[in-house]
Amino acid sequence: MFGFNVCLHLFPSLVYFNGVQLHVETIATTITATQGSNVTLPCRYFYQPYLIAKRKTRVKWSRLPSNGGPDTDVLVAIGHHHRSYGEFKGRVHLRKDSEGDVSLIITDLRLLDTGKYRCEVIDGLEDESSTVELELRGVVFPYQPKEGRYKFSFEMSVQACEEQDATIATFDQLYSAWEEGLDWCNAGWLADGSVQYPITMPREPCGGINMAPGVRSYGIRHKQEEFYDVFCFSSFIRGNIYYLHHPQKLNFTEAKMACEQEGAHIAKVGQLYAAWKFHSLDRCDAGWLGDGSLRYPIVFPRANCGPLEPGVRTFGFPDKNQKHGVYCYKMT
Ligand SMILES: *[C@@H]1O[C@H](CO)[C@@H](O)[C@H](O)[C@H]1NC(C)=O
Ligand SMILES: *[C@@H]1O[C@H](CO)[C@@H](O)[C@H](O)[C@H]1NC(C)=O
């Protein structure tokens, strides 16, 4: 740990600084970025009236999880020293472009970095802070396993999304997806332990025709004893996701091997959604994915390629002996 003995150092200046106020400002309220990119969360501090003498300050960035858990430390800086914590180790630093600039730069953004960030400046006399929200641009998709509908406890949901190169969606992410038209009549776990589902076209089996469109909630449910589907969230993924050109259709085992022979892997569901959303992958051929499901992505709806809306078409988990195409993922 550093020795933060700022108080001792500043004590003699107390009288001199009487009437001077510390201000901390974050410029934008919400910053939106994609997975894998570098992002700057703006923050600066200044004194009123203006101070010519430099004051020793301590800057602390912390993250407030969207699910109401405890704050986690991201970075603490004093003078030229800084220290980063946990998942942020080695991925964060202060920008320091100009006097009072303590903007936080996060590199190689991850799915779990979303949330509210607090920029706090402590100068021994005062402690001021301001917050900024970081959102990831991404895509929400409902997920259920081969065993069918309503088979996941909360923990299983978290794991299922991770296995698809995604995270369990937050309420805000599901809400944005609903605003963009997501309509799904099966209830799924969200990161805060609630179970909800998005309806844009009210109908009898999905809460009734008399209920307005919206995200319908079953509230917070028992994490071990209740079972639902899950909503996963996937963001931009670097690399190439493609339908494999292959002379024959393949069973599941052959499909996996065919991707590997190309130095690639059979694609995960989250990767296919990311490719559909961020690379406009459009292909009217059903292909195997790593979980044994069969899907294809449509950006430009057309005859014989599913419904009138763009989307990833899903055909469940066919018998692994069936012959189909395959989607592969290759890192670049
Ligand atoms: C992010 O920043 C790091 C280090 O500053 C740099 O090496 C990397 O290329 C940047 N990544 C992107 C996607 O700009
Ligand atoms: C797929 O086909 C191969 C022959 O190419 C066969 O050995 C294997 O048992 C089949 N696997 C499945 C899961 O059907």
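Start at 1 and go down the list; that is how both ligands and their atoms are numbered.
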Ligand-side contact atoms (ligand 1) for residue partner Asn38, heavy atom cut-off under 4.0 Å:
1 (C), 2 (O), 3 (C), 8 (C), 10 (C), 11 (N), 12 (C), 14 (O)
Can you name the side chain to side chain donor-acceptor pair (under 3.5 Å) partners of Ser103, sequence neighbours left out?
Arg95, Asp101
Does the pair Asp97/Arg44 count as a salt bridge with the N-to-O cut at 4.0 Å?
no
I'd like to know if the side chain of Trp184 reaches the main chain of Pro142, judged simply by a donor and an acceptor atom lying under 3.5 Å from each other, with no hydrogens or angles considered.
no
List, for ligand 2, each N/O atom that has a protein N/O partner under 3.5 Å away, with both atom names and the distance.
| unit_1 | atom_1 | unit_2 | atom_2 | d |
| --- | --- | --- | --- | --- |
| ligand 2 | 2 (O) | Asn251 | ND2 | 2.2 |
| ligand 2 | 2 (O) | Glu254 | OE2 | 3.1 |
| ligand 2 | 5 (O) | Glu254 | OE2 | 2.4 |
| ligand 2 | 11 (N) | Asn251 | ND2 | 3.0 |
| ligand 2 | 11 (N) | Thr253 | OG1 | 3.2 |
| ligand 2 | 14 (O) | Asn251 | ND2 | 3.3 |
| ligand 2 | 14 (O) | Asn321 | OD1 | 2.3 |

In short, ring-ring contact (aromatic ring centres under 6.0 Å, His included) pairs touching residues 298-320 with sequence neighbours left out are Tyr296-Phe315
Side chain to side chain donor-acceptor pair (under 3.5 Å) with Tyr47: which residues, sequence neighbours excluded?
Asp123
Can you list the atoms of ligand 1 that are under 4.0 Å from a heavy atom of Thr107?
2 (O)
Assess, by modelled atom type and distance only, whether the side chains of Asp165 and Tyr329 contain a donor and an acceptor separated by less than 3.5 Å.
no
Name the residue from Lys60, Arg63, Arg118 that meets the salt bridge (Lys or Arg N to Asp or Glu O under 4.0 Å) definition with Asp71.
Arg118
